[in-house]
Trainee: 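Let me give you the structure first, and then I'll get to my questions.
Numbering of ligands and ligand atoms starts at 1, following listing order.
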Amino acid sequence: MFSPRVLKSVASLTCRAFSQQGKAPDMAEGNAHLLVTNVRNRLRQIVGASTNWKDHQQALVERTYLSKHLANSQEELPAKTMKESEIEVHLPLGTQPSLREKYLNFHNSVRFGRILEDLDSLAVLICYSHTWNKELEKSPLSIVTALVDKIDMRRNIILPDCDIKFTGHVTWVGKTSIEAKMHMMQFHDGAYTPVLDATFVMVARDPENKRAAFVNPLRLETPEEEKIFQQGEINKTRRVELSTASLLRVAPTAEERTLVHSLFLNTLDVKTVSFRGRILPPNSVWMEDAKLKGLEICHPQERNIFNRIFGGFLMRKAYELGWANACVFAGCRPVLVAVDDIMFRKPVEIGSLLLLSSQVCYTEEHHVQVRVHTEVLDPLTRQHNTTNVFHFTFQVDKPVPAVVPQSYGESMLYLDGKRHFDETMKSQ
Ligand SMILES: CCCCCCCCCCCCCCCCCC(=O)SCCNC(=O)CCNC(=O)[C@H](O)C(C)(C)COP(=O)(O)OP(=O)(O)OC[C@H]1O[C@@H](n2cnc3c(N)ncnc32)[C@H](O)[C@@H]1OP(=O)(O)O
């Protein structure tokens, strides 16, 4: 079930991590089965993070001494192969029932927010496998999540009592960024079948997480790997093009402007010769009435190994609010179709007041496109700073009402939602 190279890569991390603490490696668990529940511990050991909040500041200070191990250029670093970062991690929901509680939702399925947390940790572990320097005891790199490029669901329902397996490896590297792809499968009826495919982009920073740091180049060994790498290049180009065409920067296309104007005309009150009198068309909801908001106080419990709020936790909270928003809007249980373009713009500090705002921004037949925006509120200055933007596509089992923008800003949200929806549907 485990390829020897997967075991080798994981085992070398395991042995080093344990030897740091002067303990014998837990071969039975660490080598034969890398479990999701071990991944976080392993990450802590790789960077030397303390498990005790009181000691955490000291652990971070100690990490600053690792700066001397950073490369001055990418050329100084040895090229690594895709195989060197391959990992296989198990979540034995079938064979270890004690794990189920944490993952179970009310609908007797698996909480997708929990899977987002696991994927985030796995992506970080993949990147540490790629950048691992066996001469050092700890990694000088702080690897943070920059973007969840895409998560495509291959199956909508995840069973709560069947074993899950994650695999993944690095698929592309830039100078300081790394693309990692992961696959999740579930064991059912005697075989593992695909549940989802995910693509994350991670960025390497110095030990204090203050500036970018170089990562090992990738050595491609087969034509198949060259194809995978080329896809990474295409992904990068597409991301640059999308951000250049962002509606926050440039005007909508002619076709989009026509669409917005027709939406506007559709809401005009024909009895008055006025641009102001607006009437909600049948089977529609004003965008203003398709929102849901939340607040999180960011406690130390949710910290990551770099003393900031764990990206997976932010994703889980955003996903759950987005799901609830779609659920209230549609009046039935939504299932996730895709996640795309989750941007981590700024780290969230521990102790922050995090405001989450979810908006149904586009709908089509049985689909609901939701955007969740999170920002940190500084209670002293009252300043708001956007930290993340999330996009989720849900499907429901009955046609949903149209969502109708009233202001120009809402129209841009609508178009942005439509762009994300169209992109998602292209790849389905
Ligand atoms: C005490 C006990 C401790 C124990 C704790 C116990 C806790 C247990 C739980 C822990 C679980 C462990 C999980 C570990 C988690 C770590 C992951 C996180 O949480 S992370 C938390 C969540 N994440 C965060 O908080 C991150 C927040 N965001 C940021 O900090 C910044 O936006 C940034 C660093 C991502 C980029 O900064 P910016 O100044 O723009 O950067 P530059 O211009 O310098 O470019 C550098 C490279 O980045 C590229 N690039 C940039 N953007 C993107 C993009 N969107 N898309 C694609 N690529 C992008 C760019 O092209 C360039 O690449 P290259 O060409 O050189 O190859």
Trainee: How would you list, by chain and number, every residue that makes a side chain to side chain contact (heavy atoms under 4.5 Å, CB included) with Asp152, sequence neighbours excluded?
Mentor: Lys150, Ala338, Ser427, Gln428

Trainee: Scan the side chains in residues 240-256 for donor-acceptor partners under 3.5 Å anywhere in the protein, sequence neighbours excluded, and list what turns up.
Mentor:
{"residue": "Ser243", "atom": "OG", "partner": "Val240", "partner atom": "O", "Å": "3.4"}
{"residue": "Thr244", "atom": "OG1", "partner": "Val240", "partner atom": "O", "Å": "2.5"}
{"residue": "Ser246", "atom": "OG", "partner": "Leu248", "partner atom": "N", "Å": "3.0"}
{"residue": "Arg249", "atom": "NH1", "partner": "Ser243", "partner atom": "O", "Å": "3.2"}
{"residue": "Thr253", "atom": "OG1", "partner": "Glu256", "partner atom": "N", "Å": "3.2"}
{"residue": "Thr253", "atom": "OG1", "partner": "Glu256", "partner atom": "OE1", "Å": "3.4"}
{"residue": "Glu256", "atom": "OE1", "partner": "Thr253", "partner atom": "N", "Å": "2.9"}
{"residue": "Glu256", "atom": "OE1", "partner": "Arg419", "partner atom": "NH2", "Å": "2.9"}
{"residue": "Glu256", "atom": "OE2", "partner": "Arg419", "partner atom": "NE", "Å": "2.8"}
{"residue": "Glu256", "atom": "OE2", "partner": "Arg419", "partner atom": "NH2", "Å": "3.4"}

Trainee: Measure the acute angle between the ring planes of Phe394 and Tyr319, then classify it against the limits of 30° and 60° as parallel, tilted or perpendicular.
Mentor: tilted

Trainee: Less than 4.0 Å between a side-chain N and a carboxylate O, is that true for Lys181 and Asp197?
Mentor: no

Trainee: Please report, to 0.1 Å, the donor-acceptor pairs under 3.5 Å made by any side chain of residues 226-234, with sequence neighbours excluded.
Mentor:
{"residue": "Gln231", "atom": "NE2", "partner": "Asn235", "partner atom": "OD1", "Å": "3.0"}
{"residue": "Glu233", "atom": "OE2", "partner": "Trp172", "partner atom": "NE1", "Å": "3.1"}

Trainee: When you pair each N or O of ligand 1 with protein N or O atoms, which pairs come out under 3.5 Å?
Mentor:
{"residue": "ligand 1", "atom": "19 (O)", "partner": "Asn304", "partner atom": "ND2", "Å": "3.0"}
{"residue": "ligand 1", "atom": "19 (O)", "partner": "Gly311", "partner atom": "N", "Å": "2.8"}
{"residue": "ligand 1", "atom": "23 (N)", "partner": "Thr145", "partner atom": "O", "Å": "3.0"}
{"residue": "ligand 1", "atom": "28 (N)", "partner": "Phe344", "partner atom": "O", "Å": "2.9"}
{"residue": "ligand 1", "atom": "28 (N)", "partner": "Arg345", "partner atom": "O", "Å": "3.3"}
{"residue": "ligand 1", "atom": "32 (O)", "partner": "Phe344", "partner atom": "O", "Å": "3.3"}
{"residue": "ligand 1", "atom": "32 (O)", "partner": "Arg345", "partner atom": "O", "Å": "2.8"}
{"residue": "ligand 1", "atom": "63 (O)", "partner": "Thr176", "partner atom": "OG1", "Å": "3.4"}
{"residue": "ligand 1", "atom": "63 (O)", "partner": "Ser177", "partner atom": "OG", "Å": "3.1"}
{"residue": "ligand 1", "atom": "66 (O)", "partner": "Thr176", "partner atom": "N", "Å": "3.0"}
{"residue": "ligand 1", "atom": "66 (O)", "partner": "Thr176", "partner atom": "OG1", "Å": "2.6"}
{"residue": "ligand 1", "atom": "67 (O)", "partner": "Lys175", "partner atom": "N", "Å": "2.8"}
{"residue": "ligand 1", "atom": "67 (O)", "partner": "Thr176", "partner atom": "N", "Å": "3.0"}
{"residue": "ligand 1", "atom": "67 (O)", "partner": "Ser177", "partner atom": "N", "Å": "3.0"}
{"residue": "ligand 1", "atom": "67 (O)", "partner": "Ser177", "partner atom": "OG", "Å": "2.6"}

Trainee: Output yes when Glu225 and Arg219 qualify as a salt bridge under the 4.0 Å nitrogen-oxygen rule, no when they do not.
Mentor: no

